[in-house]
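Right, one structure below, let's go through it.
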Amino acid sequence: DVLSGPALDSIRHTGERDLERISGAISGIPFTRRVIDGFESATLILDEAVNTNADLIVLGTSCKHGFSETSLGARTAEIIGSASCPILTVGPRVPAPPEGAISFQRILYATDFSSPARKAAAIAIGLGHVEGAKVYLCHVIGKKEESRKPGCDEASFASLRALVPEEAKSWCSAECVVEHGKAAEGILGLAKRVNADLIVLGAHKHSYWLSLIHSGIVAAVLVSAQCPVLTVAGGQNNGA
């Protein structure tokens, strides 16, 4: 309401021009372009995803400093916490992809063993169902009392192996990894070691990890990862 008509028209024109430029590189798939007016961008994106029955939302974040919700962006944090479909986030350290079709050859799936873990694992394994692909299933054990329990590592390995369906074991090249320390550091360190080209985070909307968007764990992975990050939260469909 505080912007004049000419100012709004200029903003709309810039948005339409940018979308036209981006869509000029698209070929072989149908697409639509829309410029939507409004100040609550996260709400508008979420509503658009519902209205179009989207299987996936793709977001870019350009923040380069810090691991807080502010560095991630309040819009991105809200969408991750509220979307009804998976979110693919492309952070500032992700290099430009090669031309042509993209396939994920080294997928790192990290889980906190919350209830939607099987759904997220199924997506990670399904995305890895291409020739030569490998899926790393990872759980990070914190430095507190959990890591001192006898048999903690063995139990984590068993839980990770249980996420791979029997029918997938004949074609899925999967490796289970248990890390110790801070969750974000463990995930990012493993991703770097295996040269992952996709990270999949499976967590319940109200679980430990996603509740810590505000204090930085999920934000740290999204902002610092050198590959795209697919976030699958509880309540999301598995259309992707």
Side-chain angles (χ1 to χ4, degrees), residues 56-61 67 72 76 80 85-98 102-114 116-142 153 155-165 168-169 171-204 207-210 212-213 216-234 236 238 240:
L56 180 70
I57 297 174
V58 181
L59 297 174
T61 177
F67 295 152
L72 175 63
T76 303
I80 290 174
C85 65
I87 311 294
L88 185 70
T89 303
V90 182
R93 301 186 183 184
V94 179
I102 297 174
S103 65
F104 300 114
Q105 294 294 311
R106 296 168 301 279
I107 299 172
L108 169 55
Y109 164 74
T111 180
D112 60 356
F113 294 133
S114 56
R118 289 188 179 278
K119 180 187 299 184
I123 292 177
I125 292 169
L127 289 171
H129 194 185
V130 295
E131 184 177 357
K134 185 167 185 177
V135 179
Y136 299 86
L137 296 95
C138 172
H139 175 62
V140 181
I141 299 175
D153 281 28
S156 296
F157 276 115
S159 296
L160 289 172
R161 287 192 293 268
L163 293 174
V164 183
K169 291 179 179 178
W171 51 260
C172 177
S173 176
E175 180 178 334
C176 298
V177 181
V178 174
E179 298 284 309
H180 290 261
K182 295 181 179 179
E185 292 178 1
I187 295 168
L188 291 168
L190 178 59
K192 185 175 182 178
R193 293 199 304 272
V194 303
N195 194 25
D197 47 28
L198 179 69
I199 296 173
V200 179
L201 298 179
H204 195 278
S207 74
Y208 178 70
W209 279 8
L210 286 187
L212 289 178
I213 286 178
I217 291 180
V218 173
V221 175
L222 297 178
V223 172
S224 298
Q226 297 181 20
C227 64
V229 179
L230 184 69
T231 307
V232 183
Q236 295 181 351
N238 57 0

Checklist entry - Any side-chain heavy atom of Leu230 sitting closer than 4.5 Å to one from Leu56? => result yes
Next on the checklist: Which heavy atom of Ala133 sits nearest to which heavy atom of Gly128, and what is that distance?
Outcome noted: CB-O, 3.1 Å
Checklist entry - Which heavy atom in Arg106 sits nearest to a heavy atom in Asn195, and how many Å separate them? => result NE-O, 2.6 Å
Item to check | Worked check of side-chain contact (heavy atoms from CB on, under 4.5 Å) between Thr111 and Leu160 | outcome: CA-CA 9 Å; Thr111 180; Leu160 289 172; 3.9 Å; yes
Checklist entry - For Phe113 and Ser156, which heavy atoms make the closest approach, and how far apart are they? => result CZ-O, 3.7 Å
Checklist outcome for this item: Glu175 meets the side-chain hydrogen bond (donor to acceptor under 3.5 Å, both in side chains) criterion, sequence neighbours left out, with Lys134
Checklist entry - Looking only at heavy atoms, what is the nearest atom pair of Tyr136 and Val177, with distance? => result CD2-CG2, 4.5 Å
Next on the checklist: Working note: His180 + Asp153, criterion side-chain contact (heavy atoms from CB on, under 4.5 Å); need CA distance, chi angles, decisive distance, verdict.
Outcome noted: CA-CA 9 Å; His180 290 261; Asp153 281 28; 3.0 Å; yes
Item to check | Expected output: side-chain His139 to main-chain Val178 donor-acceptor under 3.5 Å | outcome: no
Next on the checklist: To check you understand the geometry: which heavy-atom pair defines the closest contact between Ala124 and Tyr109, and what is its length?
Outcome noted: CB-CB, 3.9 Å
Next on the checklist: Nearest 0.5 angstrom please: Ile57 CD1 to Ile87 CD1, how far?
Outcome noted: 4.0 Å
Item to check | Inter-residue atom distance Cys227.SG - Ile107.CD1, 0.5 Å rounding | outcome: 10.0 Å
Item to check | Contact check, side chains of Asp112 and Leu201, non-hydrogen atoms, under 4.5 Å | outcome: no
Checklist entry - Between Cys138 and Glu179, which heavy-atom pair has the shortest distance, and what is it? => result SG-CG, 4.1 Å
Checklist entry - Listed by chain and number, what are the side-chain contact (heavy atoms from CB on, under 4.5 Å) partners of Ala168, not counting sequence neighbours? => result Ile125, Val164, Pro165, Trp171, Cys172
Next on the checklist: Among residues at least two apart in sequence or on other chains, which ones pass salt bridge (Lys or Arg N to Asp or Glu O under 4.0 Å) with Arg161?
Outcome noted: none
Checklist entry - Who are the side-chain hydrogen bond (donor to acceptor under 3.5 Å, both in side chains) partners of Lys169, not counting sequence neighbours? => result Glu166
Item to check | Side-chain heavy-atom pair Pro86, Leu88 within 4.5 angstrom cut-off | outcome: no
Item to check | Test side-chain hydrogen bond (donor to acceptor under 3.5 Å, both in side chains) applied to Lys182 - qualifying residues, sequence neighbours left out | outcome: none
Checklist entry - Side chains of Leu222 and Thr231: closer than 4.5 Å at any heavy-atom pair? => result yes
Next on the checklist: I'd like to check the side-chain hydrogen bond (donor to acceptor under 3.5 Å, both in side chains) partners of Ser173; sequence neighbours left out, ordered by chain and number.
Outcome noted: none
Item to check | Point-to-point distance, once rounded to the nearest 0.5 Å, from CG of Leu108 to CG of Leu190 | outcome: 5.0 Å
